[in-house]
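Here the structure comes first, spelled out in structure tokens, and everything after it is commentary.
Along the sequence shown, residues are numbered consecutively beginning with 1.
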Amino acid sequence: MGFLHMVAISNPEMARQVLQVQDNIFSNRPATIAISYLTYDRADMAFAHYGPFWRQMRKLSVMKLFSRKRAESWESIRDEVDSLVKAVAANTGKAINMGEFIFNLTKNSIYRAAFGSISQEGQDEFIRILQEFSKLFGAFNIADFIPWLGWADPQGLNTRLENARCALDKFIDTIIDDHIEKKKRNGDGPDDGDTDMVDDLLTFYSEDAKVNESEDLQNSIKLTKDNIKAIIMDVMFGGTETVASAIEWALSELMRNPEEMKRVQQELAEVVGLDRRVEESDFDKLTYLKCTLKETLRLHPPIPLLLHETAEDAVVAGYQIPAKSRVMINTWAIGRDRNSWEDPDSFKPSRFLREGVPDFKGSNFEFIPFGSGRRSCPGMQLGLYALDMAVAHLLHCFTWELPDGMKPSELDMSDIFGLTAPRANRLYAVPKKRLVCPLF
Ligand code: HEM
């Protein structure tokens with residue numbers, strides 16, 4: 001396309017070739033002009049090329065930001081699921097915009113995990129900035145394909161990019177400064193127990209960036225404010241729309257397939273009982289619910305195209321792929337591959353009960369909603385926790401009907417194909433209380 005080489009990967013064996021067999025060549029990220037500018041020239045992890053900086057950023061994220069030990073992130077999800085149940089309970093009998101309720105859940109949990117509770121008041125402004133970033137990430141810019149046409153900028157993208165980054169600078173600089181102040185006040189003494197991701201990142205803060213391959217993380221990486229801003233944006237982008245779309249699709253598929261809904265709710269009634277709310281300790285026993293969530297991720301992977309770039313020339317299946325080619329791994333097509341899945345377009349959670357069925361941990365290339373290998377999703381555990389928690393509560397606490405006597409088969413299931421693949425139209429549904437005990 002223009003001056004760019006683009007390669008599409010649409011079946012499991014080819015995905016294995018690029019994500020496993022030759023992953024050392026295929027683990028760079030392509031970045032458009034907008035992405036480079038908005039990530040402070042790839043100062044983050046998601047768009048950094050594979051190399052020492054990315055490796056240390058990834059280590060830092062896995063150990064500090066997404067680790068199960070960061071109990072605050074998990075706690076914020078539990079609290080926000082509680083708020084969601086309360087909000088739904090206040091609207092029983094009415095048709096509610098579930099898409100919006102669900103988006104608020106993931107947005108609030110990630111916002112709190114990232115910034116803590118000290119910065120709640122700026123949320124609306126931040127969401128506005130995020131939405132503009134998202135539009136700019138997705139905007140078609142002719143200069144990405146034909147660089148010398150960049151001067152023309154017919155859509156005025158350059159001004160929008162500058163304004164968006166300025167707005168983010170203003171917003172996050174204040175938050176970072178508040179956190180630095182808080183740290184100074186607390187000195188080396190014990191903190192107030194409410195450490196968020198900005199606090200964790202600030203322990204690596206320095207005016208000058210530094211990275212080396214030392215094993216000791218604290219000595220191997222120093223982050224500037226730009227790094228901190230860019231990685232916070234990774235978390236916001238990586239964790240909000242992805243999880244929200246998976247929850248909304250799960251609920252939509254179950255409403256379109258009432259027999260499946262009955263089976264999941266039956267399991268909840270048997271394992272948990274209708275006289276109490278579902279708890280984390282129940283999850284392991286909710287086998288059919290887990291199958292339902294897997295089937296949702298197979299049909300609706302939240303990131304439909306994995307975007308990679310080649311670091312050097314390569315050959316795959318006899319095709320010559322030059323260095324710096326853009327490689328799109330189509331997880332959406334792979335999840336529906338006729339040679340790997342029986343009746344691939346139908347929603348059948350029971351297929352995941354069978355022995356030897358592919359799992360999404362990354363080594364079965366028929367099913368890679370979280371990617372596989374070096375660039376695979378570092379937030380998978382957190383994302384799955386939010387997905388389990390939200391769907392289990394929504395199905396256990398409430399029964400669901402479509403509004404205005406709509407039949408399940410009439411529910412529109414079209415999606416929007418962009419960086420993520422959410423429903424084209426928000427899901428509206430009518431909840432009724434299901435439990436025999438009080439919800440709170
Ligand atoms: C259902 C939920 C989620 C799904 C399906 C998902 C899926 C993915 C996929 C497919 C990738 C790209 C893999 C590749 O390019 O090969 C990715 C990367 C990433 N995800 Fe997730 N994700 C989810 C939740 C989360 C959450 C909750 C966070 C953070 C809080 C997160 C943070 C990231 C980051 C930072 C990357 C970039 C990693 C890198 O480039 O090294 N994701 N995710």
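L202 contributes atom CG, which lies 4.5 Å from atom CD1 of I228 (distance to the nearest 0.5 angstrom). One distance of note links OG of S206 with NZ of K222; it measures 7.0 Å at 0.5 Å rounding. Atom-to-atom distance recorded for W74:CH2 and K69:NZ is 11.5 Å, nearest 0.5 angstrom. Note: D199 CG to F115 CZ = 11.5 Å, rounded to the nearest 0.5 Å. To the nearest 0.5 Å, the span separating CG on L299 from NZ on K348 amounts to 11.0 Å.
Exactly one residue among H300, R423, R426 makes a side-chain hydrogen bond (donor to acceptor under 3.5 Å, both in side chains) with S252. That residue is R423. Each of D169, D234, D41 was scored for a salt bridge (Lys or Arg N to Asp or Glu O under 4.0 Å) with K229, with one residue passing: D169.
Side chains of L353 and Y288 form a contact here, defined as non-hydrogen atoms less than 4.5 Å apart. Annotation: side chain of K107 is in contact with side chain of Q123 (closest heavy-atom distance under 4.5 Å). Within the 4.5 Å cutoff, the side chain of E241 has heavy atoms near those of the P422 side chain. Put simply, the side chain of K290 reaches to within 4.5 Å of the side chain of D388, judged on heavy atoms. I25 has its side chain out of reach of I321: every pair of non-hydrogen atoms, C-beta onward, lies at least 4.5 Å apart. Residues W400 and L254 are not in side-chain contact: their nearest non-hydrogen atoms beyond the backbone lie 4.5 Å or more apart. Side chains of T310 and F26 form a contact here, defined as non-hydrogen atoms less than 4.5 Å apart. Side-chain atoms of M6 and V327, non-hydrogen and from C-beta on, never get closer than 4.5 Å to each other.
A cation-pi arrangement is not found for R338 relative to W341, the charged atom failing to lie both closer than 6.0 Å to the ring centre and inside a 45° cone about the ring normal. Relative to the six-membered ring of Y385, R68 meets both conditions, a distance below 6.0 Å and an angle of at most 45° to the axis. Relative to the six-membered ring of F360, K294 meets both conditions, a distance below 6.0 Å and an angle of at most 45° to the axis. Geometric assessment of R375 against the ring of Y50 yields a negative cation-pi assignment under the 6.0 Å and 45° thresholds.
The minimum heavy-atom distance linking V278 with H396 is given by the pair N-CD2, 3.6 Å. The nearest pair of heavy atoms linking I9 to I334 is O-CD1, 4.3 Å.
Between the side chain of R336 and the backbone N or O of D343 there is no donor-acceptor pair closer than 3.5 Å. Of the possible donor and acceptor atoms, none in the side chain of S134 sits under 3.5 Å from a partner among the backbone N and O of Q131. Between the side chain of T106 and the main chain of F103, a donor-acceptor pair closer than 3.5 Å is present. Checking side-chain atoms of R42 against main-chain N and O of R29 turns up a donor-acceptor pair under 3.5 Å. Under the 3.5 Å distance criterion, the side-chain polar atoms of S376 are left unmatched by any main-chain donor or acceptor of G371. The backbone N or O of F367 lies less than 3.5 Å from no partner atom in the side chain of N364, so there is not a single donor-acceptor pair. Under a 3.5 Å cut-off, the side chain of K210 and the backbone N or O of N219 do form a donor-acceptor pair. The closest donor-acceptor contact from the side chain of R165 to the backbone of L38 lies at 3.5 Å or more, if one exists at all. Side-chain atoms of Q22 come within 3.5 Å of backbone atoms of V315 as a donor-acceptor pair (strictly under, hydrogens ignored). Between the side chain of S67 and the backbone N or O of K64 there is no donor-acceptor pair closer than 3.5 Å.
Between the side chains of R256 and S409, no donor-acceptor pair of N or O atoms lies under 3.5 Å. Looking only at atom types and distance, the side chain of D196 has no donor-acceptor partner in the side chain of Y111 under 3.5 Å away. Residues R70 and S73 have side chains that bring a donor and an acceptor to within less than 3.5 angstrom of each other. Between N227 and T224, the side chains place a donor N or O and an acceptor N or O closer than 3.5 Å (distance only, hydrogens not considered). Remark: the N141 side chain and the D144 side chain contain no N/O donor-acceptor pair separated by less than 3.5 Å. Using modelled atom types, one finds a donor on one side chain and an acceptor on the other under 3.5 Å when comparing S414 with D412. In this structure, a donor-acceptor pair under 3.5 Å is absent between the side chains of D79 and S76.
Below 30°, between 30° and 60°, or above 60°: for F47 and F137 the angle between ring planes is between 30° and 60°, a tilted geometry.
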Query raised in the report: Under the salt bridge (Lys or Arg N to Asp or Glu O under 4.0 Å) criterion, do E295 and R351 qualify, and how do the steps go?
Result: CA-CA 8 Å; E295 182 68 340; R351 70 173 85 236; 3.0 Å; yes
Query - Candidate pair K225 and D177, rule salt bridge (Lys or Arg N to Asp or Glu O under 4.0 Å), full reasoning - result: CA-CA 10 Å; K225 275 193 186 174; D177 291 343; 3.0 Å; yes
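Shown here is E207, whose CD atom has no more than 12 heavy atoms of other residues, nucleotides or ligands within 6.0 Å. Counted within 6.0 Å of OH on Y319, heavy atoms from surrounding residues, nucleotides or ligands total 12 or fewer; the atom is thus considered open. The number of heavy atoms from other shown groups lying within 6.0 Å of CD (E100) does not exceed 12. By the 6.0 Å contact criterion, CD on E342 is open, its count of non-hydrogen atoms from other residues, nucleotides or ligands being 12 or less. Within 6.0 Å of atom OH in Y428, 12 or fewer heavy atoms from other residues, nucleotides or ligands are found, so the atom counts as exposed in its surroundings.
Checked for salt-bridge contact, R78 and E280 meet the test: a charged N lies under 4.0 Å from a carboxylate O. Between K285 and E267 there is no salt bridge, since no side-chain nitrogen of the basic residue lies less than 4.0 Å from a carboxylate oxygen of the acidic one. Taking a cutoff of 4.0 Å between a charged side-chain nitrogen and a carboxylate oxygen, R16 and E13 qualify as a salt bridge.
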